[in-house]
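Below is one structure; the comments refer to it alone.
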Amino acid sequence: MITLLYRIYQIFVGLPYYPGRWWAKIILWALLIPVKVEGREKLEKDRSYVFVANHQGIFDIFLIYGHLGRNFKWMMKHQLGRIPFIGYACRKSHQIFVDKSGPKKIKKTYDTARDILQEGYSVTVFPEGARSFTGHMGIFRKGAFALADELQLSVVPMTINGSFDILPRTRGFINLIDWHPLRLTIHEPIHPIGKGPENVENSRQKAYDAIMSGLEEKYQGYVENPDQ
């Protein structure tokens, strides 16, 4: 009986995720964009993770939201909360806005993320913090890995391919998209090796290397992102 009640609870707390999931699926379906996901079998059921991925473009959102298949919250720039409709939807679905304008704001961001993870959700982060201008990866900030370290959660790297080919950041108009398949590669979880700076750096570097290894050859290698 307790197990049944807990399952019902999980369904209800997960409801805000499903509208976004189907919205993302419908957009990709309407644009006839095929999607391939590899590596879901590496994830344990009912376990919280900190998912990290490269950020090639806006189609990253549709790919992960629609096809990761996990109940999670996004960690995103607080400026996105000001965008009409999108900002409202993100607030209503309790996404996590990252505000780095001062120590109190940063602490509030981490407290919110900690509470959500302890409720059984996962968190998804683009550690570059900004979309690529070239399809290549920039540097990874430490925030997501510090959060994983604090709660002793595993970090799951994910490589996105195809998003930049559909709509490069420099183009910016949805009516000018190019048809291209999307692929999401889920790599092996990176488990904590302790707690503290060494663990943070270990997970950050291993995640970076794993995601880089999954990129198409033409996007291999670091390219500086002036927006980071």
Side-chain angles (χ1 to χ4, degrees), residues 11-40 43 49-98 116 121-137 144 156-187 211 214-216 218-219 225 227:
I11 291 171
F12 276 97
V13 300
L15 282 177
Y17 167 68
Y18 288 99
R21 180 180 182 182
W22 286 108
W23 163 75
K25 281 179 173 286
I26 289 169
I27 287 177
L28 295 177
W29 174 81
L31 295 172
L32 304 178
I33 296 174
V35 172
K36 183 177 183 181
V37 180
E38 302 170 327
R40 281 203 196 100
L43 305 177
Y49 293 103
V50 176
F51 292 100
V52 295
N54 57 312
H55 203 2
Q56 283 199 335
I58 63 172
F59 277 81
D60 302 343
I61 306 294
F62 306 138
L63 175 61
I64 294 176
Y65 220 163
H67 294 276
L68 177 57
R70 305 287 292 204
N71 202 348
F72 69 88
K73 301 294 183 182
W74 293 100
M75 288 188 73
M76 59 183 69
K77 292 180 178 180
H78 70 96
Q79 293 90 338
L80 296 176
R82 303 169 188 163
I83 300 176
F85 179 71
I86 293 177
Y88 175 81
C90 289
R91 287 192 297 273
K92 284 297 183 180
S93 57
H94 305 292
Q95 308 303 326
I96 304 165
F97 292 102
V98 180
I116 284 173
Y121 288 92
S122 291
V123 169
T124 299
V125 189
F126 295 118
E128 292 168 277
R131 286 173 290 154
S132 172
F133 283 97
T134 64
H136 297 77
M137 282 167 52
V156 179
M158 302 189 298
T159 301
I160 293 170
N161 280 294
S163 181
F164 184 80
D165 299 280
I166 293 173
L167 185 63
R169 179 177 179 176
T170 51
R171 190 180 298 166
F173 295 98
I174 196 67
N175 60 322
L176 295 178
I177 68 168
D178 293 322
W179 184 91
H180 195 282
L182 283 170
R183 187 171 82 250
L184 179 66
T185 304
I186 301 169
H187 300 279
I211 294 171
L215 282 171
E216 295 179 20
K218 61 183 177 180
Y219 296 126
N225 185 338
D227 200 22

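This one's a predicted model, so the numbers in the text were calculated from it and none came from an experiment.
If you take CZ on Arg169 and OG1 on Thr134, they are separated by 11.0 Å, rounding to the nearest 0.5 Å. Taking OG1 of Thr159 as the start and CE of Met137 as the end, the distance is 7.5 Å to the nearest 0.5 Å. Summarising the geometry, atom CH2 belonging to Trp23 is positioned 9.5 Å from atom CG belonging to Leu28; distances are rounded to the nearest 0.5 Å. The structure places CG of Asn54 at 6.5 Å from CG of Asp60, a figure rounded to the nearest 0.5 Å. Atom CD1 of Ile177 sits about 4.0 Å away from atom CG of Leu31, to the nearest 0.5 Å. Taking CG of Leu184 as the start and CG of Leu68 as the end, the distance is 6.5 Å to the nearest 0.5 Å.
Residues Trp74 and Ile64 meet the side-chain proximity criterion, which asks for heavy atoms closer than 4.5 Å. Under the 4.5 Å side-chain criterion, counting only non-hydrogen atoms from C-beta, Lys218 is in contact with Asp165. Looking only at side-chain heavy atoms (C-beta outward), Leu43 and Phe51 come within less than 4.5 Å of each other. Taking 4.5 Å as the limit, every side-chain heavy atom of Leu182 sits out of range of all side-chain heavy atoms of His67. Using a 4.5 Å heavy-atom cutoff, the side chains of Glu128 and Gln56 are not in contact.
In terms of heavy-atom proximity, Phe126 sits nearest to Ala53 at CD2-O, 3.5 Å. For Arg183 against Leu63, the heavy-atom pair with the smallest separation is O-CD2, 3.9 Å. Across every non-hydrogen atom of Tyr49 and Arg70, the tightest pair is CE1-NH2, 3.4 Å. Minimum interatomic distance between His187 and Ile211 (heavy atoms only, all atoms of both residues): NE2-CA, 4.0 Å. For the pair Thr124 and Met158, the tightest heavy-atom approach, listed with the atom from each and the gap, is CG2-CE, 4.4 Å. Residue Tyr219 comes nearest to His136 through the heavy atom pair O-CD2, 3.4 Å, listed as atom of the first residue, atom of the second, then distance.
Of the possible donor and acceptor atoms, one in the side chain of Asn225 sits under 3.5 Å from a partner among the backbone N and O of Arg131. Looking at Asn161, its side chain does come within 3.5 Å of a backbone N or O of Glu216 through a donor-acceptor pair.
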Exercise for the section: Quick one: do Phe59 and Phe164 satisfy ring-ring contact (aromatic ring centres under 6.0 Å, His included)? Show the steps, please. Expected result: CA-CA 8 Å; Phe59 277 81; Phe164 184 80; over 10 Å; no

